[in-house]
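The block underneath contains the structure these notes are about, expressed in structure tokens.
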Amino acid sequence: MIEVRILRENRQLAVEGLLKRGLKSADQTIQKILDLDDQRKQLQTQMDELLRRVNETSDEIGALYKQGRGAEAGEAKKMVGEWKAEIAGFQTTMNETQSLLETTLLSLPNIPHASVPAGQNEADNEIIEVHDDYMVALPEGSKPHWELMEEYDLVDLALGAKITGSGFPVYKGQGARFQRALIQFFLDEAVAAGCLEIIPPFVVNADSARGTGQLPDKDGQMYYTERDDLYLIPTSEVPLTNMFRGDILDAADLPRRLTAYSPCFRREAGSYGADVKGLNRLHQFDKVEMVVISLPENSYDVLDWMVNHTKTLLQKLELPFRILRLCGGDLGFTSALTYDFEVFSVAQKRWLEVSSVSNFETYQSNRLKLRYRNSEGRTQLLHTLNGSVLALPRIVAALLEINQKEDRIDIPEVIKPYTGFECIEKVD
RNA sequence: GGAGAGUUGGCCGAGUGGUCGAAGGCGCACGCCUGGAAAGUGUGUAUACCUCUAAAGGGUAUCGAGGGUUCGAAUCCCUCACUCUCCGCCA
């Protein structure tokens, strides 16, 4: 949720920024928001005045009774009654105005950062770095990861479909161990970089889902347990960021850097065919996430730091990858600036997104009411950032494909201490 | 799942209809005292919104959340959430 203050003070910049998302009606929407906000203020003033009179008169009534002047008190009561009816009217209008204001604000996505290129979709994303040091051309007869998974009995999608449904894989044997090793490696790297490791709840309440912006706009994409009114997390960003909901942090304690592994649950029914084959797209997948709460003035340095961290991970895994700066049209609703990391799937011959690193500026913290006290002693909204470090399935897919040999699949050097085996071999 | 007890400011804790945004204590900040510190002592110490503004000030709301009774609610009533204790169940 954008701060009204920003819209008021930097209206032109906001309109220009939102235009990069292809949002042409932004100026009208902003006008509506400012009008509603003005209306809200006016109502507040009038209502407060009435409430003041009620409070004052109530005190007087008490005093009159003590003095035994019941008749006068009765008169005063009548007046209060009238005011109260008036207040009730104001209250109704106020509530309507407030909720309309909020709905309108929620309909507005975050204002893109100055560096975000205009554009409609992923084709317009800006490729800012390509790391092809580890790019290889696979020999004839090489296989895509879904064939390798089956051949080496690492991941069983059919079995998952039997137990749960499609998109819920079963990892087995060396496949399970490999997955766990990668998770462990990613967590260790994040902790070494200064993050506090967290194991959060994997199910959250509606307040949390709202806090990070999954509600109301991504309602249909989350699994929901009606009986208890809880949501399965689509990413650990949700519980991690909501740890700070409503908090006023001490500037000296910032930045707060957190990391967590969690399974992620997503209902999203995507496209069909090769796009969703194998591990490309799943309803349940594993991810290690990083969340940072930062002072506003430092948040873009933090973003660079996070990008650098992710870059290092991919280099250590010896994968070919590239970094994209998302264009306005592809940018997530709540993000001001997002870098996507894509690894190259050498067998599928296409890029797969494995990480998304974003700065939300105050968009999330405004809804979370996550603040700090500045040097003047005033509370001010903080910036929130998060990024995947990394999402597992596509990393696994890319690693299996690029490291396949005739009779085995090699394990990246840095992962060997975690797997305890040097390569994946066929089991009889 | 059953029974009972609770939820007050950063923390502890008083407060059963008006003078309560809330005693007292702790903590914290600043000052005095001191060569310096401790002790002592004084002052201050919530959040949001509105108004005003150079600053200060003023108003409104908030005592778990929401609703109700009342001229007036931290205090009475209802609903919900959470915490604790005991019992049950369980990894």
Side-chain angles (χ1 to χ4, degrees), chain A residues 1-9 33-105 199-211 215 224-231 239 242-254 256 263 362 364-382:
Chain A
M1 200 159 67
I2 303 181
E3 296 172 80
V4 176
R5 186 182 58 79
I6 291 177
L7 297 177
R8 216 176 264 287
E9 291 170 9
I33 288 169
L34 296 183
D35 287 347
L36 284 167
D37 193 48
D38 287 340
Q39 204 180 323
R40 189 200 107 246
K41 285 182 185 178
Q42 208 189 334
L43 286 166
Q44 177 91 56
T45 308
Q46 292 171 298
M47 201 167 77
D48 282 357
E49 169 59 21
L50 279 171
L51 282 166
R52 202 208 88 235
R53 277 197 258 167
V54 169
N55 287 341
E56 230 168 48
T57 310
S58 294
D59 281 349
E60 284 164 18
I61 291 171
L64 287 173
Y65 272 125
K66 260 182 205 155
Q67 295 164 26
R69 293 152 71 184
E72 287 168 66
E75 282 298 304
K77 275 194 199 182
K78 245 189 247 170
M79 287 199 320
V80 171
E82 282 166 31
W83 292 332
K84 285 192 75 174
E86 225 177 308
I87 290 169
F90 273 116
Q91 189 65 63
T92 310
T93 320
M94 184 80 159
N95 290 345
E96 284 163 7
T97 310
Q98 288 265 49
S99 85
L100 188 55
L101 176 61
E102 189 167 319
T103 315
T104 316
L105 271 172
I199 300 179
F202 299 154
V203 178
V204 296
N205 59 31
D207 282 343
S208 293
R210 209 170 293 118
L215 287 180
Y224 174 60
T225 65
E226 195 162 355
R227 194 167 177 152
D228 298 294
D229 193 23
L230 297 171
Y231 297 83
N242 273 284
M243 283 169 56
F244 301 99
R245 171 150 45 87
D247 285 0
I248 298 175
L249 302 179
D250 206 328
D253 296 336
L254 295 164
R256 297 290 291 271
T362 58
Q364 284 185 331
S365 62
N366 189 28
R367 242 197 286 193
L368 289 162
K369 296 285 166 265
L370 167 53
R371 294 156 293 172
Y372 77 107
R373 206 175 294 282
N374 67 16
S375 52
E376 289 155 13
R378 307 181 84 111
T379 55
Q380 213 173 320
L381 292 174
L382 286 162

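A, B, ... follow the sequence lines: proteins, then strands. Residue 1 opens every chain.
Base pairing of A56(B): no nucleotide in any strand meets the Watson-Crick or G-U wobble criterion (both distances under 3.5 Å). Partner assigned to A22(B) is none, using Watson-Crick or G-U wobble distances below 3.5 angstrom. Pair check for G4(B) finds C84(B); Watson-Crick or G-U wobble, both atom distances under 3.5 Å. Using Watson-Crick or G-U wobble geometry with both donor-acceptor distances under 3.5 Å, C90(B) finds no partner in any strand shown. Of the nucleotides present, A65(B) is the one that pairs with U79(B) by Watson-Crick or G-U wobble criteria, both distances under 3.5 Å. Base pairing of U70(B): no nucleotide in any strand meets the Watson-Crick or G-U wobble criterion (both distances under 3.5 Å). For G31(B), the paired nucleotide is U41(B), the pair qualifying as Watson-Crick or G-U wobble because both relevant distances are below 3.5 Å. Under the Watson-Crick and G-U wobble criteria, each requiring two contacts below 3.5 Å, nucleotide A14(B) is left unpaired.
Inspection of the Tyr224(A) and Asp229(A) side chains reveals an N or O donor paired with an N or O acceptor under 3.5 Å. Side-chain polar atoms of Asn95(A) and Gln91(A) form a donor-acceptor pair below 3.5 angstrom.
The CG-P distance, from Asp59(A) to C20(B), rounds to 10 Å in whole Å. Rounded to whole Å, atom C1' of G68(B) lies 11 Å from atom NZ of Lys84(A). At whole-Å resolution of the value, CG in Leu230(A) and C1' in A81(B) are 12 Å apart. Look at CG on Asp207(A): it is 13 Å from C1' on C80(B), rounded to the nearest Å.
Spacing of P atoms, A14(B) relative to G6(B), comes out at 12 Å, to the nearest Å. Rounded to a whole angstrom, the distance from the C1' atom of G17(B) to that of G13(B) is 22 Å. With both ends at atom P, the span from G64(B) to G58(B) equals 27 Å, rounded to whole Å. Comparing C50(B) with G44(B), their P atoms sit 28 Å apart, to the nearest whole Å. Only the P atoms considered, U83(B) is 39 Å distant from G40(B), to the nearest whole Å. Nucleotides G67(B) and G72(B) are separated by 16 Å at their P atoms, to the nearest Å. Straight-line distance between the P atoms of G59(B) and G21(B): roughly 12 Å, to the nearest whole Å. The separation of G9(B) from G24(B), taken at their C1' atoms, amounts to 14 Å, rounded to a whole angstrom.
One finds a salt bridge joining Arg52(A) and Glu49(A) here, because a Lys/Arg side-chain nitrogen approaches an Asp/Glu carboxylate oxygen to under 4.0 Å.
RNA chain B is contacted by both Glu60(A) and Gly81(A); Glu60(A) maps to the nucleotide lying nearer its 5′ end (nearest heavy atom per residue).
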Could you go through Gln42(A) and Asp38(A), starting from their C-alpha distance and side-chain angles, then the distance that decides it, and tell me whether this counts as side-chain hydrogen bond (donor to acceptor under 3.5 Å, both in side chains)? CA-CA 6 Å; Gln42(A) 208 189 334; Asp38(A) 287 340; over 6 Å; no

Run Met47(A) and Leu43(A) through side chain to side chain contact (heavy atoms under 4.5 Å, CB included) and show every step you take. CA-CA 6 Å; Met47(A) 201 167 77; Leu43(A) 286 166; 5.9 Å; no

Evaluate the criterion side-chain hydrogen bond (donor to acceptor under 3.5 Å, both in side chains) for residue pair Ser208(A) and Asn205(A); output intermediate values, then yes/no. CA-CA 6 Å; Ser208(A) 293; Asn205(A) 59 31; 3.2 Å; yes

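Using a 4.0 Å cut-off, no side-chain N or O of Lys77(A) falls inside it from OP1 or OP2 of U70(B).
The main-chain N or O of Arg40(A) is never found under 3.5 Å from a side-chain atom of Thr97(A) such that the two would form a donor-acceptor pair.
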Could you run through nucleotides 48-66 of chain B and give me one letter per nucleotide, 5' to 3': B if any protein heavy atom sits under 4.0 Å from the base, S if only the sugar-phosphate is that close, - if neither? SSSS-------BSS-----

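Side-chain contact between Val54(A) and Ile87(A): present, with at least one pair of heavy atoms (C-beta onward) separated by less than 4.5 Å.
When heavy atoms are screened at a 4.0 angstrom cut-off, Arg378(A) is found touching no nucleic acid atom at all.
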